[in-house]
K.L.:
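Okay, handing you the structure first.
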Amino acid sequence: VIGASLPRKEDGPLLTGAATFVDDAWPPDALHAHVVRSPVAHARIASLDASAAAAAPGVHAVLSAADLPEGTPPIPMRMFHDAPLEGYLQPPLADGVVRYSGEPVAVVVADSRYLAEDAAELLDVEYEELPAVTSPEAAVAEDAPLLHPAAGGNRAASFTIEHGDVDAAFAAADVVVERRFEVGRHAAVPLEPRGLVAELGDDGILVVRGAAKIPHVNRRILARLLGWPEERVRLVELAVGGGFGGRGEFYPEDFLVPLCAVRLGRPVAWTEDRAEHLRASNHSREQVHEAAIALAADGRFLALRSRFLNDTGAYIRTHGLVVPGMTAALLPGPYRWQAYRCDVGQVLTNKTPAGTYRAPGRYEANFVRERLIDEAARRLGADPVELRRQNLVAPEEMPYPTRTHLDGHGVVYDSGDYPRLLDRAASAFGWDGRRAERAAAPARRRGVGIAFFVEKSGIARWEYARVRLGPDGDAQVYSGSASVGQGVETVLAQICADGLGVGYDRVSVVHGDTAVVPDGMGAFGSRATTLGGSAVLESSARLRTRLLELAAERLEIAPADLVLDGDRVGAAGAPAVSVPLAELVADGLAEEAVFTSEDMTFPYGVHAAAVEVDLETGGVEVERYVVAYDVGRAINPQLVEGQVVGGAAQGVGGALLEELAYDGDGQLVAGSFMDYLLPTAVEAPAVEVVLSEDAPTERNPLGAKGAGEGGCAAAGAAIANAVADALGAEVVRLPLTPERVLGLVREGGRG
Amino acid sequence: VKPAPFEYDDPATTEEAVALLADRGDEAKVLAGGQSLVPLLNFRLARPDRLVDVNRVSELDYLRIDGDVLRIGALTRHSALERSADVAARAPLLTDAVRLVGHVQIRNRGTVGGSAAHADPAAELPVAFAALGASFRARSTAGERTIPVDDFFVTHLTTALQPDELLTEIEVPLPPAGTGAALVEFSRRHGDFALGGAAVLLELDDGACRSCSIALLAAAPTPLRARAAEELLAGRKVDERAAADAAAAAVADVHPTGDIHGSSDYRRGLVEAMVRRALLRAAERAREAA
């Protein structure tokens with residue numbers, strides 16, 4: 001059943017309302033926490049008096065930094081650790097200084113959220129305001145106020161990825177395009193905000209419901225912050241209303257809410273409201289690049305370089321250097337370069353801390369590179385598709401060492417037929433015909449844009465699975481992976497069904513409970529299928545082998561001649577000769593596996609967009625959107641298509657609508673859904689998906705590459721190229737708000 | 001985002017409602033559809049001591065054509081206005097306008113009176129009322145009065161209603177048959193508040209403007225009649241050129257408030273384009289009606 005678009009196992013409970021989300025899991029005696037957040041971007045806390053708040057009706061506790069256990073460490077990095085970043089980590093509650101508007105200053109726990117919010121107004125905090133740093137470039141200016149003077153400057157880390165002689169290549173080039181690019185700050189914004197219910201049981205075990213993405217990792221972090229052994233902490237994942245990278249990381253509330261439950265001996269619930277979410281959960285994407293491309297007169301790409309700043313906000317959170325690291329590693333894309341250099345600065349500003357969001361670092365990189373290529377094409381008078389084709393890495397060059405690296409691992413593209421996918425995309429889109437089309441109405445103009453990208457999948461290189469077969473013939477998969485709505489239960493069940501030789505309907509999948517699944521890495525970076533699925537395949541295959549060996553002994557038939565058929569094992573072609581599982585394995589039989597892959601896999605794809613621009617309003621309408629994506633092997637093609645369509649909607653949102661804008665004082669001015677504009681069903685384009693399986697990977701037994709992020713990865717690039725094409729203007733900044741588009745209209749008119 | 005504490009009453013009649021407002025009007029807010037007030041309460045930007053919920057005052061839920069006047073009860077839901085065939089036939093500007101209000105769920109709940117009393121200059125119904133020359137009936141325990149639209153909208157989110165007054169009805173004079181109407185706006189997404197727009201009523205006489213009414217959306221602290229543009233157009237043939245001239249005149253003295261979605265300059269240019277488009281569309285409809 002691998003390769004079949006089977007209906008999702010998840011849908012029944014979700015559609016009938018049987019699924020339990022964290023807000024459905026409040027115990028009747030739960031208290032409710034409300035996090036009091038800094039109203040200012042940068043200030044010294046001169047005084048904090050909680051007495052009036054603590055005395056308010058229904059209040060059980062008010063905690064500020066002074067009330068945390070002595071020596072509570074800041075929230076650690078879980079990936080891409082870098083020692084110099086340690087001094088920039090976030091404490092669970094602001095300790096003497098607040099560094100962004102929205103930073104947790106205190107927690108109020110009361111009988112209801114209403115009473116907690118009433119009491120929060122009585123918390124008396126005196127802020128002595130400090131100057132705020134609100135852009136990455138201002139952060140690295142010479143006289144910039146420092147966010148973390150004890151740790152060092154606002155540039156928390158710098159590194160360079162480089163190969164070849166970049167300067168020589170630029171000196172020898174016939175065409176050089178150099179531009180400054182900006183990608184706007186936006187965020188994952190899942191439908192369901194974060195939430196937790198924490199309760200200390202009579203057995204001394206702290207149970208935290210509402211975990212997502214990485215329950216086992218967060219259990220480790222929570223135990224460390226509490227100073228407890230891991231065994232006393234249990235994290236439970238419930239139904240999750242979307243993740244996309246932002247949700248499920250370890251945030252201050254993931255410590256504060258359990259701590260309150262422990263302190264008070266009562267269950268404590270907390271649900272992030274939307275206004276909170278926009279200020280508290282990870283932001284992403286904000287980068288400023290000075291980038292350049294060098295070409296020979298015949299169109300050959302010679303060199304690519306960028307010097308960029310990644311605005312990571314006020315603290316380093318769990319992702320460490322993941323986002324800028326991804327940008328630097330994957331900026332070269334699917335092309336051959338003689339030389340490449342990327343100088344990276346990870347920069348602190350007085351804004352909400354940033355982390356990953358679907359295609360982190362790549363959305364930004366693809367925008368920069370693909371814009372440069374289109375500008376070069378314009379300079380050369382070349383067709384953008386042809387110029388790209390000329391420079392693609394050829395299939396016979398695979399595996400292709402890019403000579404970049406990611407977290408210490410060399411980036412070697414595993415497989416791919418890039419030219420073939422470009423052809424398929426261009427043909428599905430009707431590139432040649434569309435390019436010829438021009439303005440429909442007098443005040444409108446049409447344009448087309450294309451962008452090619454290489455994704456990565458399967459970061460954090462192992463996953464755990466255990467597969468059990470019961471005497472009744474039902475199989476259970478215990479996976480260290482997690483569900484963030486992507487359909488992981490369905491996919492793992494399909495893999496188990498084939499690996500073990502049982503029906504899809506007989507497989508159930510358990511995940512996300514640290515008391516039931518001993519270990520796991522979770523669901524992020526397009527890894528659940530490639531690594532989680534491979535672990536399931538291996539444990540299923542082992543289980544099958546053992547089972548058939550047992551049956552072979554009993555029936556005195558070679559294992560190769562046996563089949564598992566429902567609740568019996570029997571001779572192939574002779575069903576009468578069989579043994580019931582209940583006799584063979586009365587208590588069931590289980591096998592586990594940890595699948596490890598040193599190297600990531602590299603899916604690749606093409607986005608093509610047709611837009612129509614209103615020359616008077618600056619409005620951009622996406623008329624057509626095609627994504628061609630090669631995932632090696634699609635376990636469930638319909639789920640892959642769903643991933644691509646959803647990703648494209650989010651990517652187009654970041655290209656046209658979504659921007660977490662700040663004013664000069666460091667206040668978030670897009671702090672509600674009135675101003676933070678997600679695409680709705682009307683704005684999201686109808687996405688045509690060209691699903692390709694040309695290039696299975698050899699880096700896992702499924703041949704599969706992750707499918708989660710390709711729908712998003714090049715949307716900014718494709719939309720920008722299409723708008724540039726429509727207007728004959730250079731697009732160097734996202735999102736393309738109507739006013740910015742009108743600026744381009746004027747620029748195009750001059751050009 | 002939970003509201004601060006408040007007292008709550010839900011009277012069943014206009015009389016009870018105005019009695020409650022007479023008693024504590026200064027500290028009270030009238031709750032109708034709640035589409036603007038409830039978010040303000042939840043963000044604690046509005047903190048009334050008391051809410052007078054008029055949703056049970058069903059006597060204020062009506063749409064009636066009375067000679068050449070359309071009477072809209074203040075509690076009429078947007079969706080009722082949207083679906084009214086009479087309104088579509090006799091005051092199609094309101095149909096144009098109400099279709100652009102938020103989303104279906106908002107229109108099912110939001111009320112025409114609430115929209116008027118909230119007085120957001122970026123809202124569609126107030127600007128349509130300005131173009132139509134509507135009047136607003138208000139009641140208090142002291143009696144009833146009728147407020148013409150030019151006096152009703154005072155400034156951003158502020159009307160001439162006194163704290164003890166309840167808006168009960170909007171009186172809309174019906175335009176003569178053959179009038180072309182159009183409300184055109186631009187918003188960043190479907191259903192968002194517009195960044196700029198215009199409502200136009202236009203009567204043609206052999207292609208020339210016999211009478212016209214132009215009101216601007218999101219151009220000023222209140223819905224704004226563009227009288228200079230109306231005068232400029234009088235007697236002129238309404239073509240591209242005339243529409244462009246009128247649009248330029250309409251925004252000559254306009255200084256919209258800018259925000260992250262568009263600066264003042266951007267919005268002025270946008271309103272100009274919307275006036276031109278609305279005039280041309282209204283002219284087309286007037287010709288079709290002739």
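In what follows, every chain begins at residue 1, and chains take the letters A, B, ... in the order their sequences are listed.
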K.L.:
Is A:Ala670 in contact with chain B via its backbone, its side chain, both, or neither, using a 4.5 Å heavy-atom distance?
P.N.:
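For A:Ala670, the contact with chain B is made by backbone and side chain together.
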K.L.:
Checking B:Ala218 now: which residues fulfil side chain to side chain contact (heavy atoms under 4.5 Å, CB included) with it, not counting sequence neighbours?
P.N.:
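Only B:Ala122 meet the side chain to side chain contact (heavy atoms under 4.5 Å, CB included) criterion with B:Ala218.
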K.L.:
Which bit of B:Tyr266 comes within less than 4.5 Å of chain A, counting heavy atoms only: side chain, backbone, both or neither?
P.N.:
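Both parts, backbone and side chain.
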K.L.:
Looking at A:Glu117 and B:Ala4, would you say the former's side chain and the latter's main chain have a donor-acceptor pair under 3.5 Å?
P.N.:
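Absent.
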K.L.:
Do B:Leu195 and A:Glu739 have side-chain heavy atoms sitting under 4.5 Å apart?
P.N.:
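Side chain of B:Leu195 against side chain of A:Glu739, heavy atoms only: no contact under 4.5 Å found.
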K.L.:
Quick one: which of B:Gly191, B:Ser263, B:Gly262 has the most heavy-atom pairs under 4.5 Å with chain A, could you say?
P.N.:
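Sorted descending by pairs with chain A, the first entry is B:Ser263.
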K.L.:
Nearest 0.5 Å, what's the CD1-CG distance between B:Ile260 and A:Leu660?
P.N.:
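It comes to 9.0 Å.
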K.L.:
Examine whether an atom of B:Pro39 lies under 4.5 Å from a heavy atom of chain A, and if so say whether it belongs to the side chain, the backbone or both; otherwise answer neither.
P.N.:
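No part of it gets close to chain A.
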K.L.:
If I measure from the heavy atoms of chain B, does A:Ser112 come under 4.5 Å with its side chain, its backbone, both, or neither?
P.N.:
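Neither the backbone nor the side chain of A:Ser112 comes within 4.5 Å of chain B.
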K.L.:
Whether B:Arg276 and A:Glu616 form a salt bridge (side-chain N of Lys/Arg under 4.0 Å from carboxylate O of Asp/Glu) is what I want to check.
P.N.:
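Yes, this pair counts.
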K.L.:
Would you say A:Tyr114 and B:Pro5 make side-chain contact, with heavy atoms under 4.5 Å?
P.N.:
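Heavy-atom side-chain distance check fails, nothing below 4.5 Å.
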K.L.:
At a heavy-atom separation under 4.5 Å, does A:Leu656 approach chain B through its side chain, its backbone, both, or neither?
P.N.:
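For A:Leu656, the contact with chain B is made by the backbone alone.
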K.L.:
Do you know the tightest heavy-atom contact between B:Arg189 and A:Phe673?
P.N.:
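Smallest interatomic distance, heavy atoms only, reads NH2-O, 3.6 Å.
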K.L.:
Shorter than 4.5 Å, heavy atoms on both sides: which option in A:Arg274, A:Glu276, A:Arg113 has the most such pairs with chain B?
P.N.:
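Highest number of pairs under 4.5 Å: A:Arg113.
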K.L.:
What part of B:Arg277 gets closer than 4.5 Å to chain A, counting heavy atoms only: side chain, backbone, both or neither?
P.N.:
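B:Arg277 touches chain A through side-chain heavy atoms alone.
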K.L.:
What part of A:Leu657 gets within 4.5 angstrom of chain B, counting heavy atoms only: side chain, backbone, both, or neither?
P.N.:
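Backbone plus side chain of A:Leu657, per the 4.5 Å heavy-atom cut-off to chain B.
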K.L.:
Could you walk me through whether B:His261 and A:Asp675 pass the side-chain contact (heavy atoms from CB on, under 4.5 Å) test, one step at a time?
P.N.:
CA-CA 8 Å; B:His261 303 297; A:Asp675 291 310; 2.8 Å; yes
K.L.:
So which part of A:Asp614 gets closer than 4.5 Å to some heavy atom of chain B, the side chain, the backbone, both or neither?
P.N.:
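When you check distances to chain B, only side chain atoms of A:Asp614 fall under 4.5 Å.
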K.L.:
Can you confirm whether more than 12 heavy atoms, excluding those of B:Leu45, are under 6.0 Å from its CG atom?
P.N.:
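Enclosed: over 12 neighbouring heavy atoms sit under 6.0 Å from CG of B:Leu45.
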K.L.:
Name all residues meeting the salt bridge (charged side-chain N to carboxylate O under 4.0 Å, His left out) criterion together with B:Arg44; count only those two or more places apart in sequence or in a different chain, and write none if there are none.
P.N.:
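So B:Arg44 forms a salt bridge (charged side-chain N to carboxylate O under 4.0 Å, His left out) with A:Asp118, A:Glu121.
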K.L.:
Above 12 or not: heavy atoms from other molecules or residues under 6.0 Å from CG of B:Asp259?
P.N.:
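Yes.
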K.L.:
With a 4.5 angstrom heavy-atom cut-off, which part of A:Val682 approaches chain B: side chain, backbone, both or neither?
P.N.:
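The side chain, not the backbone.
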K.L.:
Check whether A:Glu683 gets within reach of chain B through its side chain, its backbone, both or neither, counting any heavy atom under 4.5 Å.
P.N.:
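The answer is the side chain of A:Glu683.
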K.L.:
Do you know the tightest heavy-atom contact between A:Pro738 and B:Arg188?
P.N.:
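For A:Pro738 and B:Arg188, the tightest heavy-atom pair comes out as CD-NE, 3.5 Å.
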K.L.:
More than 12 non-hydrogen atoms from neighbouring residues, nucleotides or ligands closer than 6.0 Å to CZ on A:Phe21, yes or no?
P.N.:
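Yes, the 6.0 Å shell around CZ holds more than 12 heavy atoms from other groups.
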K.L.:
If I measure from the heavy atoms of chain B, does A:Asp273 come under 4.5 Å with its side chain, its backbone, both, or neither?
P.N.:
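Side chain only.
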